[in-house]
Each structure stands twice: as C-alpha cells, then as structure tokens.
Amino acid sequence: MANVAVEPTGETVYLTPDETVLGGLYKAGFAYTVGCRRGGCGICKVDLVSGEVSHERTVADTVLTDAERATGTCLSCRAVPVGDITIALRGEELRLINPLLHSINERARQRAEALLHATSLHSTSTHKE
Amino acid sequence: MGIMRMGYAHVRVTDLAEAKQHYANTLGLYETLSTDGKVYYKGWDEWDHHSVVLEEGGVGVVKYGFKVEYESDIDLVEKRAQEFGLTVERMSAGENPEVSDGIRFTAPSEHVFEVYHSQTLIGTEVGTHNPEAFPRHLVGVGVPALDHSLILAEDVRTMENMFKHVFDFFPTERVQTDLNDDDAHYIASWLTSNNQIHQIAVLEGPQGKLHHFAFKLQDWTEIGRAADLFAMDDVPIDIGPTRHGITRGQTIYFFDPSGNRNEVFAGGYPAYRDRPINKWTPDQIAKGIFYHARELNERFTTVST
C-alpha cells in the first residue's frame with residue numbers, strides 16, 4: 001500500500017499493494033490523458049517528484065529510455081510505487097470524474113492510516129511494558 | 001495476378017509469454033512455430049503457414065509480408081518498386097521460416113514490406129474435403145484470419161502513390177482537405193487490390209509507426225461476443241463495439257499486452273476498381289472513424305507503437 005500525491009493540488013490517493021499509479025488513480029475516480037494502458041505508447045508518462053517507483057514489467061527502451069528513467073520519468077500504467085510518492089502530470093491537471101469512487105478511496109485511505117496509527121501506538125505501549 | 005493480400009504482420013512485443021496468452025487464448029490464433037525468440041500464428045481459416053509473427057523485444061511493427069499470385073509477379077513488383085525509386089533487395093527462401101523467396105523494400109514511411117509468392121501450405125482447420133462450417137473447439141474469439149493494417153506516415157499522398165504504382169492498389173476511401181484531388185492535402189487513404197475494402201490504410205502521423213493491425217470477423221454478433229471475451233480477459237478496449245463510417249465496417253479497437261493496437265473488423269462493402277472513391281472532409285473525420293460517437297477519442301491520433 002502507498003499514497004500517491006499529485007501536484008500541484010496535493011490530491012492524495014490510496015493504492016493497494018502492486019497497484020499501478022494509473023490503475024490506482026482511475027480506480028479512485030480520477031482521469032488524465034492515457035493511451036494503451038499496457039506500456040506501449042508512452043502517453044501516460046508523469047514526473048516523479050519524490051519517492052520511488054518500480055516498473056515491474058518489461059517496458060520497451062523506445063517507450064521509456066534509460067535517460068528518462070534516471071531523471072524521474074514514470075510510465076504511470078506500469079509504475080508501482082515503492083512507499084509513498086509524489087507525482088506531477090505533464091501539461092494538464094488531474095480531473096475528478098467520479099466523486100463516488102473518490103469517496104470510497106478516501107475512506108480506504110483513512111482506514112489504512114488509522115490502522116497504521118493504532119499499530120504504532122500498540123507497539124509503543126508494548127515496548128514500555 | 002499481382003498482390004492478393006497482406007499475408008503476414010510481424011510485430012514486436014515486450015513479453016512473449018503475455019503476448020502468447022493474448023494472441024492464442026484470447027484471440028484464438030493457432031501457433032504453428034516457435035523458434036529464435038519468435039512465435040508464428042495462423043487463424044483457423046487461413047491455409048498458409050502463418051499470418052502473425054511475434055518477436056520479443058520492444059513494441060511496434062517489424063515488417064509486413066504481401067503475397068502475390070504467381071512467382072513471376074515478384075519480378076513485376078520489383079520493377080515497379082525500382083521505377084518508383086525504392087531500393088529493393090532480394091530475399092531468399094527461408095529467411096522467414098516457411099516463406100518463399102521474394103523482395104524487400106523500405107517505404108518512404110520507413111515501414112518494411114516484403115513480397116513473396118508462397119508459404120508452406122498447412123491448410124485451414126476445417127480442411128477442404130467436405131469441410132464443416134467452422135472448427136468445433138475454437139479458443140476465445142476464434143478469429144479466422146488477419147485482415148488489414150493501418151500505418152502512420154508523414155506523407156500520405158506519396159504512400160498512396162507508392163501502393164498504387166508498386167502494388168497496383170487502388171484507394172477506396174480517403175480523408176482529404178479538398179474534394180478536388182489536385183488541390184487536396186491527403187490526411188488518410190484506404191487501399192486494396194481486390195474486393196476486400198482495405199488491405200492497408202495510411203494515416204498522417206509519425207514515420208514508421210503502427211496504428212493497428214486487424215483480424216476478420218463476420219458480423220455484429222461476433223463483434224459483440226469478442227467484446228464480452230475482452231471483458232473476461234481484462235483486455236483494454238480503446239473503442240467499440242462501434243461502426244466506422246469509412247468502409248462501413250463494424251469494429252472494436254483494443255490493445256495487446258504490449259500496447260500494440262489490435263482490431264476485430266467485420267463487414268465493409270465490396271471494393272471495385274471502377275467504384276468512385278468515397279471522400280471524407282476533415283470536419284467529418286470523427287464520423288468517418290467512429291460513426292456512432294461522431295467524436296474522435298484522444299487516443300486515436302496520439303497512440304501508436
């Protein structure tokens with residue numbers, strides 16, 4: 001699980017493990033310019049502002065060059081966050097197209113945060129004993 | 001005589017195992033050979049050895065093969081290609097497994113075309129001896145055959161001229177800026193050599209790119225069933241089921257696991273050399289491409305491999 005924050009608004013979306021950035025954003029009711037959704041066309045590239053992603057499936061060198069990888073280009077349909085990340089779209093803003101999906105995602109994010117908080121409180125108190 | 005059809009499309013895929021799942025189990029192509037990092041397929045109603053070649057590494061199209069009727073047609077096509085100013089090389093039998101000798105040239109669009117006269121004959125899956133209507137145990141969509149491809153090129157008019165001169169193709173439909181051909185800028189052209197509404201189409205765009213390659217289906221019912229199977233197999237659908245105004249074909253555009261665009265295409269009216277060309281003006285291109293939505297999705301002109 002990871003949180004993806006999208007600049008400039010800082011809108012934050014909660015992703016389940018192994019979910020791609022594109023998959024997570026769309027599942028949370030957001031839209032932006034995407035193409036084949038299978039790593040072939042390169043239309044859904046975004047900039048990775050902070051954090052780390054893993055392109056776990058093979059991506060053609062012609063679609064995502066080594067130079068792009070090194071300078072933080074993230075092919076969002078293939079990139080899976082490793083921990084929390086912040087991204088910036090290129091030349092457009094994230095559009096909320098489905099508020100219902102957004103609210104479902106927001107509740108999931110809050111639940112995950114509360115759980116994490118409770119777990120850390122519990123481990124702290126256990127430690128004291 | 002001359003070019004009969006697009007015999008094969010050879011494309012790149014990033015992951016051969018995933019691609020095989022798509023082309024064999026979702027589309028239902030029959031694997032005829034696997035060697036040297038490439039997999040060869042045919043549809044159930046095709047008799048030659050293969051119509052699709054998948055090569056691991058990258059995305060997009062490697063080359064197309066067009067089949068001529070007679071061996072002597074090769075010389076004719078070679079001569080016409082040279083007349084057009086293309087550099088033609090001879091290819092020998094076996095350079096492509098189970099494919100005859102022939103010629104190869106690179107088009108002004110940077111796409112590679114091969115022309116050959118025969119492939120090893122395998123036969124259709126129903127045979128020729130009192131054949132049944134279709135194979136009983138088709139897999140997935142069960143596409144019968146490769147149909148056509150749409151490629152991108154910076155100069156559509158030159159590509160149309162090339163196909164006309166070298167392949168003796170004729171255009172069936174066009175998108176052009178003026179109904180008077182001399183004054184018009186060609187945006188797209190659909191071409192064939194026979195009654196099939198198009199074997200190749202060219203759309204203005206970046207050089208050397210693949211827009212899609214298509215498989216044949218019969219009608220709306222088969223198109224609808226294909227869409228259901230794409231849902232079951234989580235295949236990303238680009239658009240459809242819908243109709244093209246151009247060709248009148250029924251269609252679904254979808255993506256293979258590497259992001260190459262595929263199509264299942266049904267119908268289309270019969271083409272004839274003496275039938276006047278259907279001309280579409282740029283203001284109606286959206287209706288020409290997607291007849292029902294009458295709106296081009298943002299992917300149509302931006303997404304290629």
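The shown structure was predicted, so the numbers you read here are calculated from the model rather than taken from an experiment.
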Please look at [X] and chain A and tell me whether the side chain, the backbone, both or neither of the residue comes under 4.5 angstrom of a heavy atom of that chain.
| X | value |
| --- | --- |
| B:D256 | backbone |
| B:P236 | both |
| B:T302 | both |

Is the number of heavy atoms from other residues, nucleotides or ligands within 6.0 Å of [atom1] ([X]) greater than 12?
| X | atom1 | answer |
| --- | --- | --- |
| A:R90 | CZ | yes |
| B:E295 | CD | no |
| B:Y30 | OH | yes |
| A:K45 | NZ | yes |

A:V59 versus chain B, heavy atoms under 4.5 Å apart: side chain, backbone, both or neither?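 The backbone, not the side chain.
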Pick from A:G40, A:G42, A:C77 with the largest number of heavy-atom pairs that fall under 4.5 Å of chain B: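 If we count pairs closer than 4.5 Å to chain B, A:G40 comes out on top.
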Please rank A:G35, A:C36, A:G39 by heavy-atom pairs under 4.5 Å with chain B and give me the top one.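 Highest number of pairs under 4.5 Å: A:C36.
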Shortest non-hydrogen contact between A:A60 and B:G58, atoms and distance: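 Heavy atoms of A:A60 and B:G58 come nearest at CB-CA, 3.6 Å.
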Straight-line distance of [X] [atom1] to [Y] [atom2], nearest 0.5 Å:
| X | Y | atom1 | atom2 | answer |
| --- | --- | --- | --- | --- |
| A:C41 | B:L210 | SG | CG | 12.0 Å |
| B:T14 | A:R38 | OG1 | CZ | 11.0 Å |
| B:E298 | A:T33 | CD | OG1 | 4.5 Å |
| A:T58 | B:E18 | OG1 | CD | 7.5 Å |

Who wins among B:T305, B:D15, B:V13 for the most heavy-atom pairs under 4.5 Å with chain A?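 Going by pairs under 4.5 Å, I would pick B:T305.
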